[in-house]
Amino acid sequence: MSDLLTGVLPTRWHGQEIIPDFRPMVWLVNAYVRGQTDADPVGFARSAVWRFYRAPRPLLETPEKLFDAYRWMMEFYQAGEKAAEGASVRSSVSSAATLPFDYQCDAPYIVAAFQRLYGIDLTRERIHWFRFRALLRGAIGEDCMFSRIIDWRTADLTEMDPEKRRFYEEQREHFALPPELRGGAAHVETLDDHNRAFLARFQQR
């Protein structure tokens, strides 16, 4: 894994040219939390590989090659998460039963946060996944709507005074994410857990 400060962010992964932009990874997460990976693991893996690799066709030739290509792509996703671990994150976001944000539902607020805090237009610019994750983590706790929404969704309300608690409950209801999203209160499965199960099913095909 590349160090964000001292290393060169990778554009090749396991010897393959990749598209390191954040968009394939965001697509992957959006599909995961909506359960789109479950019905057809092989078909989903083909779609994901096609988005991530610059020359995906040879990686689709056999089930073994496809399996490895998908597994490598997931390693890249997780490396981006690890690269951003040093960024500031509020402890309230750590609740496993609460999904703090969703790339699809919260897209306008994420775009606005990057524009406000960093002067980056996410609708136009290409940003390496590792850097994107670090910047997104850095936005949490800053003065922007995205950060406020995460706070409203994840804050511990038990010791708040009644007036503040009522306000948080109203905001939490207003900005509630769809309950069927994986990772919400009814789904505590982690992405690592899912990937292990996904790859196990894939190998059985």
Side-chain angles (χ1 to χ4, degrees), residues 1-2 4 7-85 96 99-108 110-111 114 120 122-137 177-178 180-184 186-205:
M1 185 187 73
S2 296
L4 285 174
V8 177
L9 296 182
T11 57
R12 293 179 64 87
W13 200 252
H14 285 270
Q16 302 292 327
E17 291 284 343
I18 62 171
I19 299 171
D21 184 54
F22 68 92
R23 289 170 177 83
M25 300 294 100
V26 167
W27 176 88
L28 183 72
V29 176
N30 282 342
Y32 158 70
V33 298
R34 285 162 177 78
Q36 297 171 9
T37 64
D38 298 333
D40 180 11
V42 174
F44 176 79
R46 291 176 68 89
S47 296
V49 166
W50 195 266
R51 285 171 167 80
F52 180 62
Y53 294 94
R54 294 198 180 276
R57 197 174 301 276
L59 301 171
L60 306 175
E61 292 175 349
T62 67
E64 292 76 17
K65 288 183 179 180
L66 177 59
F67 177 86
D68 285 339
Y70 182 85
R71 181 168 52 84
W72 296 337
M73 181 190 65
M74 292 310 308
E75 289 177 6
F76 179 84
Y77 169 86
Q78 291 164 338
E81 294 287 291
K82 291 177 182 177
E85 281 179 354
L99 190 66
F101 70 91
D102 174 65
Y103 285 115
Q104 183 170 309
C105 296
D106 295 324
I110 295 173
V111 169
F114 271 67
I120 295 174
L122 288 180
T123 66
R124 296 184 178 184
E125 296 190 37
R126 301 288 175 182
I127 302 176
H128 195 286
W129 170 241
F130 293 11
R131 180 172 174 243
F132 173 82
R133 281 299 298 157
L135 292 173
L136 187 65
R137 282 201 165 200
L177 294 173
E180 65 272 15
L181 293 186
R182 192 196 313 264
H187 301 278
V188 188
E189 179 189 32
T190 67
L191 188 57
D192 283 343
D193 292 336
H194 168 76
N195 287 335
R196 283 191 289 270
F198 178 89
L199 292 173
R201 290 200 312 276
F202 186 100
Q203 285 184 304
Q204 293 169 0
R205 295 299 176 108

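Residue pairs meeting the side-chain hydrogen bond (donor to acceptor under 3.5 Å, both in side chains) criterion with at least one partner in residues 49-59, sequence neighbours excluded, are absent.
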May I have the step-by-step check of side chain to side chain contact (heavy atoms under 4.5 Å, CB included) for T62 and F67, ending in yes or no?
-> CA-CA 9 Å; T62 67; F67 177 86; over 6 Å; no
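Between Y103 and F101, the angle of the ring planes goes over 60°, which puts this pair in the perpendicular group of the 30/60° scheme. The aromatic rings of F76 and H128 are tilted relative to each other, their planes meeting at an angle between 30° and 60°.
I110 contributes atom CD1, which lies 5.5 Å from atom CG of L136 (distance to the nearest 0.5 angstrom). I120 contributes atom CD1, which lies 10.0 Å from atom CZ of F132 (distance to the nearest 0.5 angstrom). Atom OG1 of T123 and atom CZ of F114 lie 12.5 Å apart (nearest 0.5 Å). Rounded to the nearest 0.5 Å, atoms CG (L9) and CD1 (I127) are 11.5 Å apart.
Between L66 and L60, the shortest heavy-atom contact is CD1-CD2, 3.7 Å. Residues A134 and L4 share a closest heavy-atom pair of CB-CD1, 3.7 Å. Nearest approach of V49 to A69, heavy atoms of both residues: CG2-CB, 3.9 Å. In terms of heavy-atom proximity, T11 sits nearest to P20 at CG2-CG, 4.2 Å.
W13 places no side-chain N or O within 3.5 Å of a backbone atom of M73 that could act as its donor or acceptor partner.
Among residues two or more places apart in sequence or in another chain, the side chain to side chain donor-acceptor pair (under 3.5 Å) test is passed with D21 by R23, R126. Partners of E81 by side chain to side chain donor-acceptor pair (under 3.5 Å), not counting sequence neighbours, listed by chain and number: R133. The side-chain contact (heavy atoms from CB on, under 4.5 Å) test applied to P178 returns C105, E180, L181, not counting sequence neighbours. With sequence neighbours left out, E75 forms a salt bridge (Lys or Arg N to Asp or Glu O under 4.0 Å) with R71. Not a single side-chain contact (heavy atoms from CB on, under 4.5 Å) links A107 to another residue, sequence neighbours left out. With sequence neighbours excluded, the residues satisfying side chain to side chain donor-acceptor pair (under 3.5 Å) with E17 are R12.
With respect to the salt-bridge test (charged N to carboxylate O, under 4.0 angstrom), the residues R34 and D102 qualify.
Between W27 and F44, the distance separating the two ring centers is shorter than 6.0 angstrom.
Residue H14 forms a ring-ring contact (aromatic ring centres under 6.0 Å, His included) with just one option from W72, Y70, F52, and that option is W72.
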